[in-house]
Amino acid sequence: MSDVDDRNHFIRDIVRADLASGRVTQVVTRFPPEPNGYLHLGHAKSITLNFGLAQETGGRCNLRFDDTNPEKEDVEYIEAIERDVRWMGYAWSEGPFFASDYFDRLYDWARHLVEAGHAYVDDQDAETIRETRGTLTEPGRESPWRNRPVAENLDLFARMKAGEFPDGARVLRARIDMASGNMNLRDPILYRIRHVRHPRTGDRWCIYPTYDYAHGQSDAIEGITHSLCTLEFADHRPLYDWLVERVPTRARPRQYEFARLAITHAVLSKRRLIELVREGHVAGWDDPRMPTLAGQRRRGVPPAALRDFCRRVGVARADSRVEAGLLDHCIREYLNRHAPRRMVVLDPLKMVITTYPEGRSETFETVNNPEDPQAGTRPVTFEREIWIERGDFMEDPPKKFFRLSPGREVRLRSAYLVTCEEVIRDEGGEVVEVRCSHDPESRGGDAPDGRRVKGTLHWVAASTAIGLEVRLYDHLFAAAVPGSEGDVFDDLSPDSLQILSGAKAEPALADTKDGETVQFERQGYFCRDPDSRPGALVFNRTVGLRDSWAQAQRKTGTTGTAGRKAES
RNA sequence: UGGGGCGUAGCCAAGCGGUAAGGCAGUGGGUUUUGGUCCCUCGAUCCCAGGUUCGAAUCCUGGCGCCCCAGCCA
C-alpha cells in the first residue's frame with residue numbers, strides 16, 4: 001500500500017502536459033458535492049483524484065458545495081461531507097466554498113449574456129419547453145420568445161429576481177441551437193424561479209441557477225484549471241465551454257470526464273442509498289454495511305486503505321465495476337501492519353486443562369503484532385479453565401483438519417501444547433466441554449523436543465474474560481450487481497448482519513477506544529463501535545482474515561466452521 | 001435512422017507503430033506459535049473482419065456489442 005501514486009492515467013497525463021507546456025502554472029481542482037446526501041465510495045474516488053492531483057503537483061483543491069437546488073439540499077449534509085473529506089485525509093486551505101457564494105456574480109454574468117444576445121427569458125411553461133425540445137432524432141422548435149429585445153429580457157430577468165412571478169412562470173435560457181444533435185445545446189435553462197428558502201442565502205433569492213450555468217462559472221471564479229467529473233457529463237462539455245467563453249472572465253477551466261466507480265455487491269446511487277436509510281433496510285447512513293464514508297468509517301475501514309483502493313482502481317473512461325474483494329484486500333493489507341492482535345473467542349466452548357492445578361495461573365508476554373516489532377507485547381493470563389472457539393474442535397474431523405479433536409495435540413497460542421483427552425456433553429448430546437492435558441515443558445508454545453503441531457488455537461482465560469457483543473457484517477447485497485435481475489431490494493442479503501452476544505475476550509480489549517480497530521487473532525479485523533459502554537463492548541467486523549481452510553471446505557462441499565466467513 | 005462515449009485475462013488497468021506492465025481474484029508449492037502474513041509458480045495476441053506497413057492492441061475502413069443524453073436534478 002502506498003499513497004504515492006506512481007501509476008499513470010489519462011488525467012494525470014493531461015495535467016503534466018499542461019504544466020510542462022505552461023498552459024497552467026499551478027493545478028487547481030475542486031471536489032464539488034451537492035449537499036443532498038452522504039458521501040460514498042464513489043466520492044472517495046473523486047476526492048482522491050482531485051485532492052491527490054493537487055497535492056502531487058503542488059497545486060490546490062477546493063471543497064465546493066454545489067448548492068444550487070435548495071429544494072433538495074440541507075445543512076446536515078454539509079457538515080457530514082466536511083467531516084468525511086477530512087476523514088479521508090484531505091484539507092482545503094480556504095473555504096469551503098459554495099456555489100451560492102457566487103449568486104451575485106452569477107446573476108451579473110447572466111445579465112451580461114442577455115445583453116450580448118446569448119440568453120433570453122422564456123415565458124413557456126415546463127411542459128411546453130419539454131414538448132418543443134424535440135427528441136433524440138428530431139430537432140426542437142424555437143420558442144416564440146427567443147427573439148425578444150434585449151431590454152425586455154433584462155427587465156423580465158430583473159423581475160424574475162425581484163419575485164414578481166410564480167415558480168415556473170418563466171426561465172432564463174441560453175440562446176444556442178434548437179436543432180443541435182446534442183440535447184444540452186437546445187437552449188438550455190440557466191435560471192429557474194423557485195420561491196424556496198436556501199440553506200445559506202435564506203430568502204434573498206427566488207431564482208436559482210442550474211447546474212450547467214453555475215458549475216462552469218464557479219470553476220472560472222475559483223480559477224479551477226481542471227474540472228473533473230464523471231462520464232455522463234461529457235455531453236455537457238460543449239455547453240460548459242460555450243458559457244465560459246461568453247461570460248466576462250479570462251479564466252478557461254477545462255472539463256475532463258472519467259468513469260464513475262461501481263462496486264460489486266453494493267449500490268452507489270444517492271437515490272438508492274436514501275431509500276435504504278428511509279425504508280429501514282439499514283440502521284442509518286453510518287451503518288457499517290453502507291458504502292457511505294460514514295458507514296465505512298464505522299465499519300473500521302482506515303482512510304489510508306480507502307485511498308489505496310482508489311489508487312488501485314485507476315482512472316479511465318471505460319464503464320467498469322470493481323470487485324468488492326479488492327477493497328477487502330486493501331483493508332487487510334493496511335490493518336495487517338497496523339492493527340494490534342487480541343484473542344477473542346466468538347463462539348465459546350469451555351476447555352479444562354485437567355493437568356493444570358486449580359487456582360493457579362500464570363502470565364505470558366504475547367506479541368501485539370508480529371508484523372510490527374514496535375507494537376510491543378502484552379501480558380496474557382493462563383489458567384485451568386479457558387474458552388476456545390467451538391469451531392476449533394471437531395469430534396469427527398474431516399481429513400486435514402488440524403485443530404482440536406479427541407487424542408489430538410494442538411498449541412494454545414503463546415501458552416502450552418494441549419492434548420484432548422475427553423469430551424463432555426449435555427443431555428442433548430451437545431458438546432459442552434473438552435478436557436485436555438497439557439505438556440508443562442511446552443511453556444510458551446514450543447516443545448523442547450522439537451515436535452510440531454499443526455494447529456494453533458486462540459483462547460481466553462475464563463476467570464478474567466470480558467464479554468462483548470460482536471457484529472458480523474457481510475455484503476448488504478447478495479447479488480454481485482444488485483438489481484440486475486429485477487428489484488434491487490430483492491437482492492438484499494438476509495445474512496448481512498449476524499450478532500453474537502456471547503463472545504469472550506482477553507481483558508486487554510477493554511483498553512481500546514471507540515473507532516479503534518484490532519485483529520481478533522485468526523478471525524479478522526474488528527472495530528470498536530460507538531455503541532460500546534463500559535462493561536458492554538461492541539465490535540464490528542471490518543473484514544475477515546483470508547481463510548483458505550474455509551475456502552477449501554466450501555469447495556469440497558463440506559460445511560464450513562462456525563463464525564468464520566472471509567467472504568470475497 | 002440524432003449526438004456523445006467505451007470495448008486489452010474472471011475483475012480493474014497500463015500500452016500512444018516495434019513485437020501484451022501491474023494489481024485483485026484463482027492455481028500449485030515453500031516458510032510460519034494466526035489454515036493470517038511473507039516468498040516463489042502458472043494465465044491474454046488485445047470485440048470481429050478487411051486494409052496500410054518489414055512490423056499494428058496501437059493507423060485506416062467497415063461491422064458488432066455495451067453505456068450516457070429528450071429534469072425548470074446534479
Side-chain angles (χ1 to χ4, degrees), chain A residues 7-9 13 32-34 36 66 68-69 71-72 122 124-126 129-131 133-140 167-173 179-186 188-194 208 210-212 214-215 229-238 257 259 264 270 311-330 332-333 336-337 341 343 366-367 370-371 400-403 411-415 417 444-446 452-458 480 519-524 544-552 561 564 566 568:
Chain A
R7 67 179 53 199
N8 233 71
H9 58 247
D13 285 343
E34 182 190 11
N36 68 343
D66 238 329
T68 57
N69 185 359
E71 291 183 324
K72 295 185 178 176
D122 193 343
Q124 298 181 115
D125 60 23
I129 288 178
R130 175 163 29 84
E131 286 168 352
R133 186 156 20 230
T135 67
L136 295 180
T137 54
E138 302 165 299
D167 289 2
R170 285 178 233 265
V171 289
L172 182 73
R173 288 231 253 174
S180 173
N182 183 340
M183 301 292 288
N184 296 115
L185 263 23
R186 318 246 266 224
I189 284 151
L190 270 24
Y191 270 94
R192 61 308 207 183
I193 300 173
R194 284 283 176 287
Y208 293 98
T210 55
Y211 164 85
D212 281 313
H215 201 89
C229 61
T230 42
L231 251 27
E232 66 270 27
F233 290 100
D235 286 341
H236 295 241
R237 189 171 1 110
E257 314 85 23
T264 59
K270 282 188 181 176
R311 181 182 69 83
R312 296 192 194 221
V313 156
V315 179
R317 288 180 67 92
D319 293 310
S320 61
R321 181 176 296 266
V322 176
E323 290 176 342
L326 179 60
L327 210 209
D328 290 343
H329 169 81
C330 295
R332 287 193 195 100
E333 184 172 88
N336 176 49
R337 286 179 291 111
R341 273 60 169 170
M343 292 201 282
T366 303
V367 96
E371 304 299 315
K400 290 199 179 162
F401 177 86
F402 47 80
R403 269 110 97 150
R411 170 167 39 238
L412 293 176
R413 171 119 233 223
S414 301
L417 261 32
D446 275 317
R452 297 184 169 271
V453 292
K454 281 185 281 190
T456 298
L457 275 43
H458 59 281
Q519 181 193 104
F520 287 2
E521 285 218 47
R522 301 208 301 135
Q523 319 214 67
L545 248 33
R546 289 192 66 186
D547 188 346
S548 57
W549 168 246
Q551 193 169 42
T561 310
R564 297 292 295 279
S568 53

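A note on names: the letters A, B, ... follow the listed sequences, proteins ahead of strands, and every chain is numbered from 1.
With sequence neighbours left out, the side-chain contact (heavy atoms from CB on, under 4.5 Å) criterion links A/Thr456 to A/Arg411, A/Arg413. Considering only residues two or more places apart in sequence or on other chains, A/Asn336 meets the side-chain contact (heavy atoms from CB on, under 4.5 Å) condition with A/Arg341, A/Glu371, A/Tyr525. Listed by chain and number, the residues in a side-chain hydrogen bond (donor to acceptor under 3.5 Å, both in side chains) with A/Arg133 amount to none (sequence neighbours excluded). In this structure, A/Ala316 has no side-chain contact (heavy atoms from CB on, under 4.5 Å) partners at least two apart in sequence or on a different chain. The ring pair (Phe, Tyr, Trp, His ring centres under 6.0 Å) test applied to A/His329 returns no partner, not counting sequence neighbours. Applying the side-chain hydrogen bond (donor to acceptor under 3.5 Å, both in side chains) rule to A/Glu131 yields no partners; only residues at least two apart in sequence or on another chain are considered. Qualifying side-chain contact (heavy atoms from CB on, under 4.5 Å) partners for A/Thr135, counting only residues two or more places apart in sequence or in other chains: A/Thr137, A/Glu138.
If you check B/A74, B/G35, B/G4 against the side chain of A/Ala234, the one that comes closest is B/G4. The side chain of A/Pro370 has B/U34 as its nearest neighbour among B/U34, B/U37, B/A13. Checked against B/G15, B/C72, B/U37, the side chain of A/Arg546 finds its nearest nucleotide in B/U37. Nearest to the side-chain atoms of A/Arg192 among the listed nucleotides B/U34, B/A14, B/C73 stands B/C73. Considering only the side chain of A/Arg312, B/G23 comes nearest among B/G23, B/A14, B/G2.
Note on A/Glu521: a base of the nucleic acid sits closer than 4.0 angstrom, heavy atoms only. The residue A/Ser180 sits apart from the nucleic acid: no heavy atom pair falls under 4.0 Å. Looking at heavy-atom distances under 4.0 Å, A/Lys270 makes no contact with the nucleic acid at all. At the heavy-atom level, A/Arg186 lies nowhere under 4.0 Å from the strands shown. Counting non-hydrogen atoms under 4.0 angstrom, A/Pro32 reaches nothing in the nucleic acid.
Between the CZ atom of A/Arg237 and the C1' atom of B/G5 there is a distance of 10 Å, rounded to whole Å. Note: CZ (A/Arg311) to P (B/A14) measures 14 Å, nearest angstrom. A/Asp13 has its CG atom 15 Å from the P atom of B/A13, to the nearest Å. For the pair A/Arg130 CZ and B/C73 C1', the interatomic distance rounds to 15 Å; values are reported in whole Å. Atoms OH (A/Tyr208) and C1' (B/C73) sit 15 Å apart, rounded to a whole Å. Between the P atom of B/C72 and the CD atom of A/Glu131 lies a distance of 13 Å, rounded to the nearest Å. One interatomic measurement links the two molecules: CG of A/Asp212 to P of B/A70, which rounds to 11 Å at whole-angstrom precision. Regarding A/Ile129, its CD1 atom lies at a distance of 11 Å from the C1' atom of B/G71, rounded to whole Å.
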What's touching nucleotides 9-11 of chain B from the protein side, N or O pairs under 3.5 Å?
| residue | atom | partner | partner atom | Å |
| --- | --- | --- | --- | --- |
| B/G10 | N2 | A/Glu323 | OE1 | 3.1 |
| B/C11 | O4' | A/Glu323 | OE2 | 2.9 |
| B/C11 | O3' | A/Arg321 | O | 3.1 |
| B/C11 | O2' | A/Arg321 | O | 3.0 |
| B/C11 | O2' | A/Glu323 | N | 3.4 |

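At the phosphate of B/U34, neither OP1 nor OP2 sits under 4.0 Å from any side-chain N or O atom of A/His458. The shortest distance between the side-chain N/O atoms of A/Gln519 and the OP1/OP2 oxygens of B/U37 is not below 4.0 Å.
B/G43 and B/G26 are spaced 10 Å apart, taking the C1' atom of each and rounding to whole Å. Straight-line distance between the C1' atoms of B/C47 and B/C66: roughly 11 Å, to the nearest whole Å.
Looking at A/Arg194, its side chain never comes within 3.5 Å of a backbone N or O of A/Asp167 through a donor-acceptor pair.
B/U37 makes up no base pair with any nucleotide shown, lacking Watson-Crick or G-U wobble contacts both under 3.5 Å.
Taking the 5.5 Å centre cut-off and the 30° plane limit, the aromatic side chain of A/Tyr211 is not classed as stacked on B/A74.
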Query raised in the report: What string of B, S and - do you get for nucleotides 64-69 of chain B 5' to 3' if you count protein non-hydrogen atoms under 4.0 Å?
Result: ---SBB
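Ring geometry for A/Phe402 against A/Trp549 counts as tilted: the plane angle lies between 30° and 60°, on a 0 to 90° scale.
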